[in-house]
Amino acid sequence: MITAINISHRYQNDLVLQNITLHIFKGEFVVFTGESGSGKSTLLSILSTLLTPSEGSLLFFGEKIEAIADIDLFRRENIGFIFQFHYLIEYLTVKENLKIANEKVTDTSINALTQRLGIVELLDKYPNEISGGQRQRVAIARALINKPKVIFADEPTGNLDSQNSLIVFELFQELAQEGTTIIATTHNKKLAKFADTQYEVRDGQL
Ligand SMILES: Nc1ncnc2c1ncn2[C@@H]1O[C@H](COP(=O)(O)OP(=O)(O)OP(=O)(O)O)[C@@H](O)[C@H]1O
Ligand SMILES: [Mg+2]
């Protein structure tokens with residue numbers, strides 16, 4: 001589904017990723033671990049098409065991403081993003097924040113998904129009325145609401161306690177079993193065990 005060939009990346013003259021080659025299959029749950037500054041977020045930005053690598057190629061469904069005519073449309077149709085710093089719209093309720101990501105979503109699906117993430121009772125609240133960890137779970141729900149083929153999650157449990165982190169990684173595992181490809185980073189070795197494949201990023205190498 002996603003192939004990276006010989007990817008290297010420099011910020012100015014600083015080489016932060018070196019000759020990364022990997023293949024990610026449909027329905028695979030992949031986790032990148034590694035020390036702070038090792039290059040995990042940079043690699044995730046490149047694999048998710050948001051950052052163009054200094055060298056190497058990235059293929060989605062066997063096609064080079066430069067060849068995709070409308071990359072914004074491609075992202076909207078295929079990719080869900082979960083970042084460490086998430087932005088909810090403050091003047092919309094939790095439910096409205098979810099609906100804005102997918103106007104066609106039914107109340108039944110919203111209820112099922114938010115139930116799974118333990119935030120169903122927050123649907124009518126505003127973002128400033130809920131905790132940081134709850135906001136993060138709303139951001140996760142928003143990324144999942146479109147049922148994307150691939151989900152990229154950079155430290156998705158960074159603000160969550162261990163029980164809620166577990167809920168998120170168990171959900172990722174289930175989604176992967178249902179065919180969604182999940183690509184995440186984490187510092188947490190216990191959570192990394194939920195993945196089908198773990199890569200350690202060390203000094204910009206796998
Ligand atoms: N926009 C940028 N411009 C210049 N250097 C950057 C930029 N983003 C990251 N770096 C540098 O690239 C290296 C890799 O950073 P990256 O954010 O990919 O690491 P990380 O593994 O995600 O770290 P963390 O676990 O702290 O999130 C670091 O040395 C960092 O300082
Ligand atoms: Mg990072």
Side-chain angles (χ1 to χ4, degrees), residues 1-24 28-60 65-66 71-72 75 79-88 131-144 148 150-173 175-176 180-206:
M1 170 171 240
I2 301 171
T3 305
I5 304 168
N6 263 325
I7 286 192
S8 297
H9 194 69
R10 283 185 181 78
Y11 290 113
Q12 286 82 43
N13 281 327
D14 229 358
L15 184 65
V16 299
L17 291 178
Q18 249 188 90
N19 290 326
I20 306 250
T21 294
L22 64 98
H23 186 76
I24 297 169
E28 188 174 355
F29 180 6
V30 176
V31 160
F32 295 105
T33 62
E35 284 179 11
S36 179
S38 57
K40 302 180 296 296
S41 295
T42 304
L43 180 57
L44 219 69
S45 301
I46 291 172
L47 294 177
S48 64
T49 76
L50 295 177
L51 177 68
T52 306
S54 312
E55 283 161 50
S57 359
L58 179 68
L59 288 80
F60 261 77
I65 58 150
E66 302 88 73
I71 191 77
D72 289 327
R75 286 188 197 116
I79 303 178
F81 295 96
I82 300 166
F83 294 112
Q84 193 165 3
F85 302 102
H86 42 78
Y87 300 95
L88 301 178
S131 77
Q134 290 168 334
R135 291 168 68 101
Q136 188 146 8
R137 279 177 281 158
V138 175
I140 291 171
R142 191 178 53 185
L144 299 179
V150 191
I151 292 165
F152 288 95
D154 196 6
E155 289 288 343
T157 62
N159 296 319
L160 298 182
D161 58 33
S162 56
Q163 198 201 334
N164 283 306
S165 299
L166 219 60
I167 289 173
V168 170
F169 270 66
E170 277 168 359
L171 177 60
F172 284 169
Q173 197 175 44
L175 290 167
T180 308
T181 307
I182 313 271
I183 304 165
T185 70
T186 182
H187 279 105
N188 186 321
K189 290 260 154 60
K190 273 191 201 150
L191 293 177
K193 293 208 173 83
F194 282 90
D196 299 310
T197 313
Q198 289 181 49
Y199 291 105
E200 189 183 344
V201 185
R202 201 181 292 158
D203 301 327
Q205 291 181 293
L206 285 192

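Ligands are counted one by one from 1 in listed order, and the atoms in each one are counted from 1 as well.
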How many angstroms lie between atom [atom1] of [X] and atom [atom2] of [Y], to the nearest 0.5 angstrom?
X	Y	atom1	atom2	answer
Lys193	Gln173	NZ	CD	13.0 Å
Ile183	Leu22	CD1	CG	8.0 Å
Gln18	Leu206	CD	CG	11.0 Å
Thr33	Lys40	OG1	NZ	8.0 Å
Asp203	Leu15	CG	CG	10.5 Å
Asn164	Gln136	CG	CD	10.0 Å

**OP:** Would you mind reporting whether Phe32 and Leu47 have side-chain heavy atoms less than 4.5 Å apart?
**Re:** yes
Original post:
Below 4.5 Å, heavy atoms only, C-beta onward: do Tyr199 and Ile20 meet side chain to side chain?
Top reply: no
Taking atom [atom1] of [X] as the centre, does the number of heavy atoms from other residues, nucleotides or ligands within less than 6.0 Å exceed 12?
X	atom1	result
Glu66	CD	yes
Asn19	CG	yes
Glu35	CD	no

State the atoms of ligand 1, each with its element, that fall below the 4.0 Å cut-off from a heavy-atom position in [X].
X	answer
His187	25 (O)
Ser41	17 (O), 18 (O), 20 (P), 22 (O), 27 (O)
Glu35	21 (O)

**OP:** Taking atom 30 (C) of ligand 1 as the reference point, report whether a protein heavy atom occurs under 4.0 Å from it.
**Re:** no
**OP:** Specify whether the nearest protein heavy atom to atom 3 (N) of ligand 1 is under 4.0 angstrom away.
**Re:** yes
**OP:** Select one of side chain, backbone, both or neither to describe which atoms of Thr42 lie under 4.0 Å from any atom of ligand 1, heavy atoms only.
**Re:** both
Checking the N or O distance criterion of under 3.5 Å, is ligand 1 in contact with [X]?
X	result
Gly37	yes
Lys40	yes
Gly34	no
Glu155	no

List the closest protein heavy-atom neighbour of [atom]: residue, atom name, distance to the nearest 0.1 Å.
atom	answer
atom 26 (O) of ligand 1	Ser36 OG, 2.6 Å
atom 12 (O) of ligand 1	Val16 CG1, 3.3 Å
atom 19 (O) of ligand 1	Gly39 N, 3.3 Å
atom 1 (N) of ligand 1	Tyr11 CE2, 3.7 Å

Original post:
Under 2.8 Å from the Mg ion (ligand 2), which protein N/O/S atoms are there?
Top reply: Ser41 OG
Original post:
Just by distance, do the side chain of Thr21 and the backbone of Asn6 share a donor-acceptor pair under 3.5 Å?
Top reply: yes
Original post:
Which of parallel (below 30°), tilted (30 to 60°) and perpendicular (above 60°) describes Phe152 and Phe81?
Top reply: parallel
